[in-house]
Amino acid sequence: MLSVQELMTCLEVGLIYGIAAIGIYLTFRTINFPDLTCDGSFVLGAAVSSVMLKSGQDPYMAMALALVAGGMAGLFTGILNVYLKIEDLLSGIIVAFMMYSVNLRIMGTNPNIAFMDDVTIFSGGYSTIKIAIIVSALVALFGYLLITDFGLGLRSIGQNKRFASICGINVKAMTIVGLVASNALIGMCGGLFTQYQGFCDITQGVGTLVIGLASVIIGEKLLKIKNMLLKVLVCVLGSVIYRIFIAFAIHSDALGLRTQDLNLITGILIIAIMCSRRKNAASK
Amino acid sequence: MLRLNNITVRNTLVDLNLIINKGEFVLVTGDNGAGKTTLFNTISGHVFPKSGTIVIDGQDVSSLPQYARAAVVSNVLQDPRAGTVGSMTIRENLNIAYMRGKCRKLIPSNSFVRDDLYREKLSILKMDLENRLDDYVENLSGGQRQALSIIMSIIVDSKILLFDEITAALDPKTSDNIMRIAREVMATEHKTCLMITHNVNHMDQMSCRRLVIKNGKLNER
């Protein structure tokens, strides 16, 4: 069985990754753009944040800068797609690919940086409360954004670009806004998570997309909510549920699963949810 | 007033000239592939002409993209699914249309003032849509969706209305109903309006200026 300590860790990591899930929700669900930049922008945020911490900067400032850096990665993907007409999937892949080199540069060619002794957001304790405050603020902000006229415009380009254009929405600009906001969140998530675990690794972004997407669809599946304001919250809850599910799967002796089976379990979970959803749709 | 000067679009429209006065209602006909929809797309900015200029009320809009022309041109498309968003509610669809040509700010899109306006406009349709603002548009019939499209095109002011075969995807009874609604709306709104139709009955019901597109040119009839 899981101890209380382990459950708290699930909650904390789930909440932190919930930020990335909001980002994934913005691209995959809101503007309907399959953005693969996220694996790169996550590490970018982590790298920027860890270098800032190493040089003794304020940890909140480090997180803010991670947010800005992630946003710039999104901006780049947006420009590739909108102005250079590179396919959506490919522009994300290219940017994530290039990010690897950029991230190594930022990290000073070290593939990993540890900062066990440096001051982080979590140095003073109360980590669960701090994470909860940061995540709640973001949920409120983006939940509100999506019910405004601007947010409605953002959502409309994901549903029907022709219609959006007829209604006077600048589809190109909105696509870029969506990508910037999404990757800024993912960069910030990277920046926060790296502070939480006390080190930064060049490979730690692998799977951000899949985990984020898993969170979004778990949330959608378990909590069928139509209220726009709550849909953002559901992404974060999905992320926490995902962490608890994974922890249970790995800790149960009956299944005989180990930590290295994580990606396998996550993948099977996503496939199972997606299939069950299709079955429901067919039987309607 | 809408003025097209020497418009050429690919091989479809060739050196086309047109002047439509303010408040005029014009029917556009022509064979399939003659360029009726291309003409509409050129006016709305969905397609850019190879040469020529488009002037609306003295303003040259030729270089403006579609979204920037939305304040002066409003459209009702042939396919009701293309002109509305199925996965959004009637209110959300109207909210998007309500902001056509305005700056979309970070203020909540729902308000009582807007709801009152939506209910008032939807009641014209006599389809009971005014009591279904929270219903998803994908649950509406084709006719209801097209009726909603018409309301969305007039919910805020525009100078030119383009109706592109708005009844083509509907059954005869529904299409008569939609055409009746369109005529009523036209009668009350007094807008400059262009309409494409193939339906002879609908054409006969309306006495107005008629244009025929043939070989890339417009002819009066």
Side-chain angles (χ1 to χ4, degrees), chain A residues 25-26 28-33 82-83 85 137-138 140-178 180-181 216 220 224-232 234 277 280-281 284, chain B residues 40-41 44-47 64-89 91-111 114 134-138 145 148-149 152-153 155-156 158 161-162 164:
Chain A
Y25 181 80
L26 282 179
F28 277 73
R29 288 290 186 267
T30 309
I31 64 167
N32 197 13
F33 186 108
V82 168
Y83 294 109
K85 315 269 183 225
L138 288 173
L141 183 70
F142 281 87
Y144 175 78
L145 176 85
L146 290 177
I147 61 158
T148 63
D149 280 319
F150 183 81
L152 203 54
L154 203 60
R155 286 162 58 202
S156 74
I157 70 157
Q159 304 294 330
N160 189 338
K161 287 193 171 57
R162 173 96 195 266
F163 167 77
S165 195
I166 284 175
C167 290
I169 294 162
N170 186 341
V171 175
K172 290 179 176 177
M174 280 292 193
T175 305
I176 292 179
V177 167
V180 169
V216 171
E220 282 173 348
K224 292 191 180 83
I225 287 174
K226 294 204 162 168
N227 187 327
M228 222 36 236
L229 208 56
L230 296 175
K231 275 188 174 175
V232 178
V234 166
R277 180 195 288 168
N280 286 348
K284 252 178 200 170
Chain B
F40 275 32
N41 286 343
S44 73
H46 191 60
V47 169
L64 294 180
Q66 185 166 27
Y67 72 85
R69 281 187 217 179
V72 285
V73 181
S74 69
N75 280 264
V76 180
L77 302 174
Q78 186 173 345
D79 182 357
R81 280 169 302 180
T84 48
V85 179
S87 57
M88 290 188 184
T89 61
R91 184 187 278 113
E92 286 171 325
N93 272 275
L94 285 163
N95 274 335
I96 294 171
Y98 183 80
M99 294 307 289
R100 179 160 46 77
K102 298 190 197 112
C103 176
R104 284 162 209 273
K105 298 201 180 98
L106 292 172
I107 51 167
S109 49
N110 294 346
S111 77
R114 288 193 201 179
D134 286 313
D135 277 16
Y136 282 83
V137 170
E138 62 200 358
R145 275 179 92 152
L148 176 63
S149 262
M152 283 161 68
S153 72
I155 199 86
V156 284
S158 63
L161 258 173
L162 301 175
D164 183 358

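Proteins come first, then strands; the chains are lettered A, B, ... in the order of their sequence lines, and each starts at number 1.
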Taking every non-hydrogen atom, the tightest pair across [X] and [Y]:
X: B:E92; Y: A:L152; value: O-CD2, 3.6 Å
X: B:A70; Y: A:C167; value: CB-C, 4.0 Å
X: A:T148; Y: B:K105; value: CB-O, 3.9 Å
X: A:S165; Y: B:Q66; value: OG-OE1, 3.3 Å
X: A:Q159; Y: B:S87; value: OE1-OG, 2.6 Å

- prompt: Distance-only, no hydrogens or angles: does the A:Y144 side chain make a donor-acceptor pair with backbone N or O of B:L106 under 3.5 Å?
  reply: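 At least one qualifying donor-acceptor pair exists.
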Based on non-hydrogen pairs under 4.5 Å, which of [options] is most in contact with chain A?
options: B:A68, B:G86, B:S109; value: B:S109
options: B:T89, B:V156, B:N110, B:N75; value: B:N75
options: B:P65, B:A82, B:G101, B:S74; value: B:A82

- request: Please indicate whether A:R162 has more than 12 foreign heavy atoms, meaning atoms of other residues, nucleotides or ligands, lying under 6.0 Å from its CZ.
  value: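 More than 12 within 6.0 Å, yes.
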message: Check this for me: A:K172, atom NZ, are more than 12 non-hydrogen atoms of other residues, nucleotides or ligands nearer than 6.0 Å?
response: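 At most 12 heavy atoms, drawn from other residues, nucleotides or ligands, come within 6.0 Å of this atom.
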message: Taking every non-hydrogen pair under 4.5 Å, which of A:L145, A:N170, A:I147 racks up the most with chain B?
response: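 Option with the greatest count: A:N170.
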side-chain contact (heavy atoms from CB on, under 4.5 Å) partner of B:I96, chosen from A:I166, A:I169, A:N160: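 It is A:I169, the one option of A:I166, A:I169, A:N160 that forms the side-chain contact (heavy atoms from CB on, under 4.5 Å) with B:I96.
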- prompt: Any ion pair linking A:K226 and B:D134 (charged N to carboxylate O, less than 4.0 Å)?
  reply: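 Salt bridge absent between B:D134 and A:K226.
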query: Is any side-chain heavy atom of A:F163 less than 4.5 Å from a side-chain heavy atom of B:M152?
result: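 Of all side-chain heavy-atom pairs linking B:M152 with A:F163, at least one is under 4.5 Å.
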- prompt: Does any non-hydrogen side-chain atom of B:V85 lie less than 4.5 Å from one of A:R155?
  reply: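 A:R155 vs B:V85: side chains apart.
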Chain A contact via B:R69 - side chain, backbone, both or neither, heavy atoms under 4.5 Å: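 No part of it gets close to chain A.
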task: Could you look at B:Y136 and say if it's the side chain, the backbone, both or neither that has a heavy atom under 4.5 Å from chain A?
output: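 Contact with chain A: side chain only.
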query: Rounded to the nearest 0.5 Å, what separation is found between the CE atom of B:M99 and the OG atom of A:S156?
result: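 With rounding to 0.5 Å, CE (B:M99) is 12.0 Å from OG (A:S156).
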